Amino acid sequence: MKELEKTYNPADIEERLYQKWLDSKYFHAEVNKNKKPFTIVMPPPNITGQLHMGHALDNTMQDILIRYKRMQGFEALWQPGTDHAAIATEVKVIDKLKSEGIDKHDLGRDKFLEKAWEWKEDYGSRIVKQLHKLGSSADWDRERFTMDEGCSDAVLEVFTKLYEKGYIYKGSRIINWCPICQTSISDAEVEHEEQDGFFWHINYPIVGEEDRFVEIATTRPETMLGDTAVAVNPEDDRYKELIGKMLKLPLTGREIPVVADEYVDKDFGTGCVKITPAHDPNDFEVGKRHNLEEICIMNDDATISAPGKYKGMDRYEARKAIVADLEAQGLLVKVVPHAHNVGTHDRCGTTVEPMVKPQWFVKMDEIAKPAIEALQSGRLKFVPESFGKTYLHWLEGIRDWCISRQLWWGHRIPAYYCEECGEMTVAKTTPAVCAKCGSTHLHQDEDTLDTWFSSALWPFSTLGWPEKTPEFEYFYPTDVLVTGYDIIFFWVIRMVFSGLEQTGKEPFHTVLIHGLVRDSQGRKMSKSLGNGIDPLEVIDKYGADALRMTLMTGNAPGNDMRFYWERVEASRNFANKVWNATRFIMMNIEKAPDADVSLSDLTMADRWILSKVNTLAKDVTENMDRYELGIALQKVYDFIWEEFCDWYIEMVKPRLWDDNDTTKAAALWTLKTVLINSLKLLHPYMPFITEEIFCNLQDEEPSIMISSWPVYKGEWNFAGEEKAVEVIKEAVRAIRNVRTSMNVPPSKKAKVYVVSDNEEILGIFEHSRVFFATLGYAGEVALQKDKAGIADDAVSAVTSQAAIYMPFAELVDLDKEIERLEKEEEKLAKELSRVTGMLSNEKFVSKAPEAKIAEERSKLEKYTQMMAQVQERLTQLKK
């Protein structure tokens, strides 16, 4: 047995222990037919990423599960990797080139990609190293990257297979367009923020009825240049006679029809909606239903492309000009302030422009059906279950998925165009000749694939698919996906339908959803608010274990949590408590000779704590299996702090300090056994401190993380002893409460009488005399069936099982207590005089704020009650 340092200092142990785990290959998993596999795939952080609290929570939860299953004997694989993060990385590389005076387009695609790979090599491993500091026990030997050779082959395989099945096509549909980055972006990259804007109410003249108008309201007047209809609800009696009529579209010279469509909410706005199919996703669907023309009125940089006066203007410059011209023509009815949600690109903050553009899409109607059935059949489940409704709602209303991006960094679309005849060929490798005309002049599509396309394959591409590798056969399907509720749509759903389509199996059976980590005020952490907290700063100050415990304290699946520094300090204090308790136990073990101990040698207290830790193992295992990680942690915390440290260690101290006590060996065996089992249950949450203590406390096993998880043992079930010790604990609490109410210091001992006519209860106290006397601050313990011999002035403390008495004179020094109370009486008299004087002063009552008057009245009531109690006590004592 080694010796623990006097003071627990996480900085001294965490890096050393993590390197030990890496060197020993404890995180590594192999195909092992003698073991059952358990697999988690790490949601791949961006190579541009910096560890934030969301990452810390997500990876802590995964690490808890993987360490738990590893200790249970599973071949536990936590598959790690990073994502190429197409837009984020391209923006970083472009910014770096700009700082060097280099323009991306002057460099050219191939040279730019060289620079991007250089950037990835320099910065791509940063977040992985940060995950090391958190204690993440992922199999880093198997680390993957979404653009490594194997994952890239999987992307090409899936693209070509889906294209051959008719699920991938190229066409013009509405997409999110970033005018600054000049690429389509996914819904996941659009942040919706409320902005102050306006509703511009505009009159559209009815053709042939120059004195009549249809009034519409819009938040984007510039898009009217692309209007191809005005829609009304077919059930709206106000406008039924207008359906089929033509309107003059102001400022354009075009005429557009009035169409009937149930999309229109007749109770919102004017009940008439301008339809711009090329610049609004809902209008696009209306346009399809009514075969309307799609007129795109913007260039890629969001300048106006429509012919006429506004051509070349920025969209907001054109808005001002259009509004002014409408007002000049008398067609602007009114302008109403209106706060509405506006989509912005999360990378550059630019307002996103919905636009119809030719892009590559995945046809979703058929491919989504198996993903829906997976949940409905129960093969896939969400924790909490309520998120399954979110999953279904999104899938049942799913639109075709835009998968092309106008970027250079990423997986390039494997489509090749013949420069002679225009024939397009989709293939995993570049065709030598055009299949149609035999020309060798081919060029590849310039676009790359949406990052989510490759990450949708992550659960199986990381295991070697499309090859039938031993890892894929053994570790797939994976078991649990841990992720935040904010990306159910963007990642979880795509993994499910991709896994089912490509492998025929759900990629995991459970999706464990966690919430966001918010600041202490409940606000979302963000750069704009400046309220983000760096996990690495927390680790440097308090250690990774304290951060992990803080993130899991009170954690419930799907719920947001608030981050408080006070909680981190509390977690660190708990670590100190465990450390100091261990040092106490180890010092006593070192002084005692080795001795064989059997269960029959244990005292009532020993059996009680052994039974409690036995039940704890069962309860925690059940909680872990139900993914109630926060509840499991709370149970371990409560047991270690209260039952083990505050009660059992205090119970056994008299035995440890008595060299003649024949039960000392049993006490030491129990202390060590219970501590080791407690450490094992705590290990998934606080891996570093549990490893350091475990490896110093025993020599049989090299690491706690490869030791066995505690299991419930029938022979450790001592229900009778548990009940008996609870009787003693109740009595001790009653004694302490009485002494506290009388301000009796722990150092002052008093005789304690335990009175009960129940022989069994008296027997319990008889067997507990040694530690009961210590815990109850008793100079002597007397057990009797009645009150015979107990003084009338004895102070009583009644419990459910017995009556406890303590002679008053032994608890209190009469003269000193009277002196103390008289001083208290004098002090209260002065306070009462002051308060009464203020409240009887008419000037004060008439001029002071109501809150101040209420405060003084409250003080009067409190001091009056206190004075009555002090005077009553003095009267009793002076008798």
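Because the structure is a prediction, the values reported are computed rather than measured.
For the pair Lys653 and Phe584, the distance from NZ or CZ to the six-membered ring centre is under 6.0 Å and the angle to the ring normal is within 45 degrees.
Checked against ring pair (Phe, Tyr, Trp, His ring centres under 6.0 Å), Phe563 has the following partners two or more places apart in sequence or in another chain: Trp565. Legend: residues meeting side chain to side chain donor-acceptor pair (under 3.5 Å) with Lys787, ordered by chain and number and at least two apart, are absent. For Lys334, there are no salt bridge (charged side-chain N to carboxylate O under 4.0 Å, His left out) partners at least two apart in sequence or on another chain. Listed by chain and residue number, Asn660, Asp661 satisfy the side-chain contact (heavy atoms from CB on, under 4.5 Å) test with Asp658 (two or more places apart in sequence, or in another chain). With sequence neighbours excluded, the residues satisfying salt bridge (charged side-chain N to carboxylate O under 4.0 Å, His left out) with Asp519 are Arg523.
Ring-plane geometry between His201 and Phe199 is classed as perpendicular, the angle between the planes exceeding 60 degrees on a 0 to 90 degree scale with a lower cut at 30.
Enclosure of atom CD in Glu650 by more than 12 non-hydrogen atoms of other residues, nucleotides or ligands within 6.0 angstrom is indicated. Lys133 NZ: 12 or fewer foreign heavy atoms inside a 6.0 Å radius.
A salt bridge links Lys577 to Asp646: one of the charged nitrogens lies within less than 4.0 Å of a carboxylate oxygen. Under the 4.0 Å criterion applied to side-chain N and carboxylate O atoms, Lys859 and Glu855 are assigned as salt-bridge partners. The existence of a salt bridge linking Arg857 and Glu861 is excluded, since no basic side-chain nitrogen approaches an acidic carboxylate oxygen closer than 4.0 Å. Under a 4.0 Å N-O distance rule, the pair Glu642/Lys612 does not qualify as a salt bridge. Salt bridge absent: Arg572 and Glu569 never bring a charged side-chain N and a carboxylate O closer than 4.0 Å.
A distance of 9.0 Å separates OG in Ser858 from OH in Tyr863, rounded to the nearest 0.5 Å.
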Derivation of the salt bridge (charged side-chain N to carboxylate O under 4.0 Å, His left out) call for Lys723 and Glu726 = CA-CA 5 Å; Lys723 182 180 176 183; Glu726 288 306 319; over 6 Å; no

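Here the rule is side-chain contact (heavy atoms from CB on, under 4.5 Å) with Lys827, and of Lys830, Glu824, Lys823 only Glu824 fits it. Tested against Trp579, the residues Phe688, Tyr8, Phe574 include a single ring-ring contact (aromatic ring centres under 6.0 Å, His included) partner, Tyr8.
Side-chain atoms of Asn531 come within 3.5 Å of backbone atoms of Lys524 as a donor-acceptor pair (strictly under, hydrogens ignored). Using modelled atom types, one side-chain atom of Arg548 and one backbone atom of Leu134 make a donor-acceptor pair closer than 3.5 Å.
Checked by atom type, the side-chain pair Gln62/Asp58 shows a donor-acceptor distance below 3.5 Å. Ser800 and Glu730 form a side-chain donor-acceptor contact under 3.5 Å, judged by distance and modelled atom types alone. In this structure, a donor-acceptor pair under 3.5 Å is present between the side chains of Asp606 and Tyr648.
Contacts classified as side-chain hydrogen bond (donor to acceptor under 3.5 Å, both in side chains) and involving residues 731-750 (residues at least two apart or in different chains) are not found.
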